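What follows is a single structure, written as structure tokens, with notes after it.
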Amino acid sequence: MIASMRRFVETCEAVSATTKKTEKVRLVSKCLRSLPVDDAARAAIFFAGHAFPRWEERTLAVGGSLIWQALEALSGLPPERLSQTYRRYGDAGGMAEEVLSSDNPGGELTLRDVAATFENLAALRGSTQKLEAFKQLLRRASPGEAKYIIKIVTGDLRIGLKENLVEEAIAQTFLRPLDLVRRANMITADVGATFRLAAADDLAAARLRLFHPIGFMLATPAETPAEVFESFPADALVEDKYDGIRAQAHKSGRTVKLFSRTMDELLEFPELFEGLAALPGEFILDGEILAWRDAHPLPFRELQRRLGRKHSDMWLLLDIPVNFVAFDLLYQDGDLLLDTPLRERQRRLEQLLGPAPGAHFQLAGSQRCQTVEELRETFENAILRGQEGLMAKEPGSPSPLSTSS
DNA sequence: AATGGCTGCCC
DNA sequence: ATTCTGC
DNA sequence: GCAGAATGGGCAGCCATT
């Protein structure tokens, strides 16, 4: 019985060695199948290049510098040699594998060990403590294991495998419909949890939890109005493309939480909470937070100054006012609306916000365009109003496929 | 107390 | 976020 | 056309150093 971390590394190497997606999926599936459920769930997260489930806010705060220091200490090599090796790989993981002692057979580490060390690293304070703990982990690892530990720490395996393919591997492992797997993963935002649900044949039971962010629908760019109509032949619903911060608003009772696209809680905009709390019922809104003054959006740069602050500064709060522009309704009073046509979601959204959304709130004005000329005009108009571009959506689409132009 | 490096997170 | 690349 | 890889700018907080 080989230790689970070694199996993980062998699979990564094999995945890296092929360019075929189906082969990658097969390899990952085989690995997941061979592991006990707890380990497989951890492996699924690691395969996706994450140290923790996506919805979690914990971070390791171990970056290039700390990795460098650890490798310098463990290899005993001079910085020039390290730089040389780094340049050859362009990747700290690859560098580690070459630079660390190949006398170290490793092979004893389990995925559980690695996960436990990540927990520890996240909990430790200060780079000094983190460096020590990190070096200890690498000392227990073979060069190959160190390579992938570092890749996970830097948040990217770079072996042509992303969470998308891990979802496919999960579907294949248990012969579940891929849609169901993707849906469960969107709801849980935790590919390890998704693995468990699939293993238990319980994917359909994945339940939305308010105040746990769900996956965001991302946009794909389009160059011209004509391209938009290639995607949506009939007609398109068009909104301004806002240059702000994408945010998901969860509300139930008097409780309100905002989440960023990376599923971190946004605490920097307290003036938005009251208005959201005052709206009726339970819901999840999708929208954009904009710096906004005198009926005009401010440049993103302004808004950015309010980001990342632990304590909201009253001056800044007055200096850079914000609005929440709602453009979608993903959940309302027990109904998950992911499969509901956009028209219907927008109808419910309008209803929810009412004719006069409170201060700090706007409903994204969506306009229907049926010809290329119409769309071109709307686009030019948007630019004149200081917008970045347009978002185009298909009225009947369940999940908003969006474009800018 | 001030500075600068590092890290993370927005786009 | 954008841009590039390989399939 | 797509998914994945590679890259960039700018901000704030935290920690180590001085």
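None of the values given here were measured: they were computed from a predicted structure. Note on naming: letters A, B, ... go to the chains in the order of the sequence lines (proteins, then strands), and numbering restarts at 1 for each one.
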Distance in angstrom units between A/Leu218 CG and B/dC11 P, rounded: 10 Å

Between D/dT7 and B/dC10 - P atom distance, rounded Å: 23 Å

Distance test, side-chain N/O of A/Ser65 to OP1/OP2 of B/dC6, below 4.0 Å: yes

Gap between atoms CG and P, on A/Leu66 and D/dC15 respectively (whole Å): 13 Å

Touch class at under 4.0 angstrom, heavy-atom based, for A/Arg301 against every strand present: sugar-phosphate

Sugar-phosphate, base or nothing in reach of A/Gly90, heavy atoms under 4.0 Å: nothing

Proximity to the side chain of A/Ser127 - top-ranked nucleotide from D/dA5, B/dG8, D/dC15: D/dC15

Distance in angstrom units between A/Leu298 CG and B/dC10 P, rounded: 20 Å

Nearest to side-chain heavy atoms of A/Thr19, which nucleotide of C/dC7, D/dG9, B/dC11: C/dC7

Candidate nucleotides D/dC11, B/dT7, B/dC11, ranked by approach to the side chain of A/Gln304 - the nearest: D/dC11

Charged N-O contact under 4.0 Å between A/Arg158 and A/Asp91: yes

Euclidean distance, atom NZ of residue A/Lys24 to atom C1' of C/dG6 [Å, nearest integer]: 11 Å

N or O in side chain of A/Ser260 less than 4.0 angstrom from B/dC10 OP1/OP2: yes

Salt-bridge present (A/Asp335, A/Arg348; N to O < 4.0 Å): yes

Reference residue A/Met5; test side chain to side chain contact (heavy atoms under 4.5 Å, CB included); the match among A/Thr110, A/Asp39, A/Ile149: A/Ile149

Touch class at under 4.0 angstrom, heavy-atom based, for A/Leu303 against every strand present: nothing

Closest listed nucleotide, where the reference is the side chain of A/Phe300 and the choices are D/dA5, B/dT7, B/dC11: B/dC11

Sugar-phosphate only, base, or nothing, as touched by A/Leu157 at under 4.0 Å among non-hydrogen atoms: nothing

Whole angstrom value for the distance that separates P of D/dC11 from NE2 of A/His311: 21 Å

A/Glu288 CD - B/dC10 P separation (whole Å): 12 Å

Charged N-O contact under 4.0 Å between A/Lys151 and A/Asp156: no

A/Thr128 side-chain N/O to D/dA16 phosphate OP1/OP2 under 4.0 Å: yes

Rounded interatomic separation in angstrom, taking NZ from A/Lys130 and C1' from D/dA16: 14 Å

Contact under 4.0 Å: A/Lys310 side-chain N or O vs D/dC14 OP1/OP2: yes

Given B/dC9, D/dC11, B/dG8, the nucleotide with the shortest approach to the side chain of A/Asp264: B/dC9

Per A/Leu307 side chain, nearest of listed nucleotides B/dC10, D/dG13, D/dC15: B/dC10

Basic-acidic side-chain contact under 4.0 Å: A/Glu239, A/Lys393: yes

Value in whole Å for how far the P atom of D/dC14 lies from CD of A/Gln129: 16 Å

Side-chain N or O of A/Arg158 closer than 4.0 Å to phosphate OP1/OP2 of D/dA6: yes

Distance below 4.0 Å between A/Thr262 side-chain N/O and B/dC10 OP1 or OP2: yes

Name of the residue among A/Leu178, A/Leu336, A/Thr194, A/Thr188 meeting side chain to side chain contact (heavy atoms under 4.5 Å, CB included) with A/Arg183: A/Leu336

